[in-house]
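Everything on this sheet refers to the single structure shown next.
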Amino acid sequence: MNETIWLAKAFSGDSSLDGLFVVGVKSTRIYCRPSCKPPRIPKLEQRRFYSTNLEAETAGFRACKLCRPNALAPIEREAQIVTALLENALSFVSVSEMASAAHVSPAKLYRLFKVHRGVTPAQIMNRKRIEAACQCLEKSEQPIGEIALEVGFNSLSAFNANFKRLMQVPPLEYRRRSAI
């Protein structure tokens, strides 16, 4: 996209351009997102275009307090929440506890996981627990009941059902096959 098109699109309210460039206003020394709607639209000769926030800040501009171009977009924040929860999925006992840690409702957490990963938080938690159980089954001679409790399952039957569904074999059979 060239600067001529940027001139026409800057301050138009078109959020599809956010992230492609930022607009610095020479008279105020402030830079904005292209979608910003300031109280007064700056004259064309006052506008400077930068590819990144860092370029604008290096040129001596500060971020607009109205559109906050240096803040993460909501979708980026959501992706960061999901990634952080994925890394620590084993530390949560329930989806409610996970939602509480993310400061969102369980329903919102469900939607975030479906959008960003295509699965539910409960499916992720079970998958992570089963992965941890597989490592325990391969590396130790611990009884299966102890492993089930250690990885976060409340009952042996729930552990067996989830393990068999994900791994296509019962835990004891998995241990035998991994020992070979």
Side-chain angles (χ1 to χ4, degrees), residues 1-135 151-152 162 165-166:
M1 186 180 279
N2 64 29
E3 209 167 285
T4 309
I5 295 172
W6 288 1
L7 278 170
K9 295 286 190 171
F11 303 111
S12 66
D14 185 358
S15 62
S16 68
L17 300 174
D18 287 353
L20 296 177
F21 64 95
V22 293
V23 185
V25 180
K26 194 174 163 187
S27 59
T28 61
R29 306 303 293 166
I30 294 172
Y31 72 94
C32 301
R33 296 176 194 250
S35 63
C36 188
K37 296 291 260 175
R40 290 183 59 204
I41 305 294
K43 293 180 179 178
L44 295 177
E45 61 269 9
Q46 291 293 321
R47 299 178 194 177
R48 301 292 178 265
F49 298 93
Y50 300 96
S51 299
T52 65
N53 295 344
L54 184 59
E55 280 182 31
E57 288 170 7
T58 304
F61 292 88
R62 70 170 177 80
C64 173
K65 291 182 180 176
L66 184 64
C67 68
R68 298 184 344 203
N70 55 348
L72 288 177
I75 195 82
E76 292 169 331
R77 269 195 306 276
E78 290 174 357
Q80 284 183 344
I81 288 170
V82 170
T83 302
L85 292 175
L86 282 172
E87 291 171 1
N88 300 308
L90 283 176
S91 63
F92 300 107
V93 175
S94 66
V95 173
S96 296
E97 186 181 313
M98 188 184 276
S100 203
H103 305 291
V104 295
S105 69
K108 174 72 173 177
L109 186 68
Y110 178 86
R111 285 190 302 273
L112 288 176
F113 270 82
K114 284 301 263 186
V115 166
H116 292 281
R117 295 290 190 235
V119 294
T120 67
Q123 289 171 322
I124 290 286
M125 288 174 68
N126 282 339
R127 187 176 301 143
K128 294 282 187 183
R129 289 175 179 165
I130 297 300
E131 287 171 5
C134 286
Q135 290 176 354
V151 298
N162 281 294
R165 186 175 42 78
L166 287 173

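None of these values were measured; they are calculated from a predicted model.
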Spatial distance of atom CD1 (I130) from atom CG (N162) [nearest 0.5 Å]: 5.5 Å

Main-chain N/O of R68 paired with R33 side-chain donor or acceptor, under 3.5 Å: yes

Minimum heavy-atom distance L85-A102, with the two atoms named: CD1-CB, 3.9 Å

side-chain contact (heavy atoms from CB on, under 4.5 Å) between E57 and Y50, intermediate numbers included: CA-CA 10 Å; E57 288 170 7; Y50 300 96; over 6 Å; no

Pairwise distance CZ(R111) to CG(L109) - rounded to 0.5 angstrom: 10.0 Å

From F92 atom CZ to K128 atom NZ, the distance as rounded to the nearest 0.5 Å: 12.0 Å

For the student: nearest non-hydrogen atoms of A122 and V95, plus distance: N-CG2, 3.8 Å

R40 atom CZ: more than 12 heavy-atom contacts under 6.0 Å: no

Polar side-chain atom of N53 near backbone of P69 as donor-acceptor pair, under 3.5 Å: yes

Point-to-point distance, once rounded to the nearest 0.5 Å, from SG of C36 to CD1 of I41: 8.0 Å

Shortest non-hydrogen separation from S91 to E97 and the atoms involved: O-OE2, 3.6 Å

For the student: nearest non-hydrogen atoms of M98 and P121, plus distance: SD-CB, 4.1 Å

Verdict with supporting geometry, V23 and Y31, side-chain contact (heavy atoms from CB on, under 4.5 Å): CA-CA 5 Å; V23 185; Y31 72 94; over 6 Å; no

Closest non-hydrogen atom pair, P38 against L66: CA-CD2, 4.0 Å

Side chain proximity check, R117 to V82, heavy atoms < 4.5 angstrom: yes

Taking every non-hydrogen atom, the tightest pair across A132 and L90: CB-CD1, 3.9 Å

Test item: R47 side-chain N/O and P42 main-chain N/O as donor-acceptor pair under 3.5 Å: yes

Donor-acceptor under 3.5 Å (Q46 side chain, S27 main chain): yes

I30 vs F61 side-chain heavy atoms within contact, under 4.5 Å: no

Nearest-0.5 Å distance, CZ of residue R165 to CD of residue Q123: 7.0 Å

T120 and Y110, any side-chain heavy atoms less than 4.5 Å apart: yes

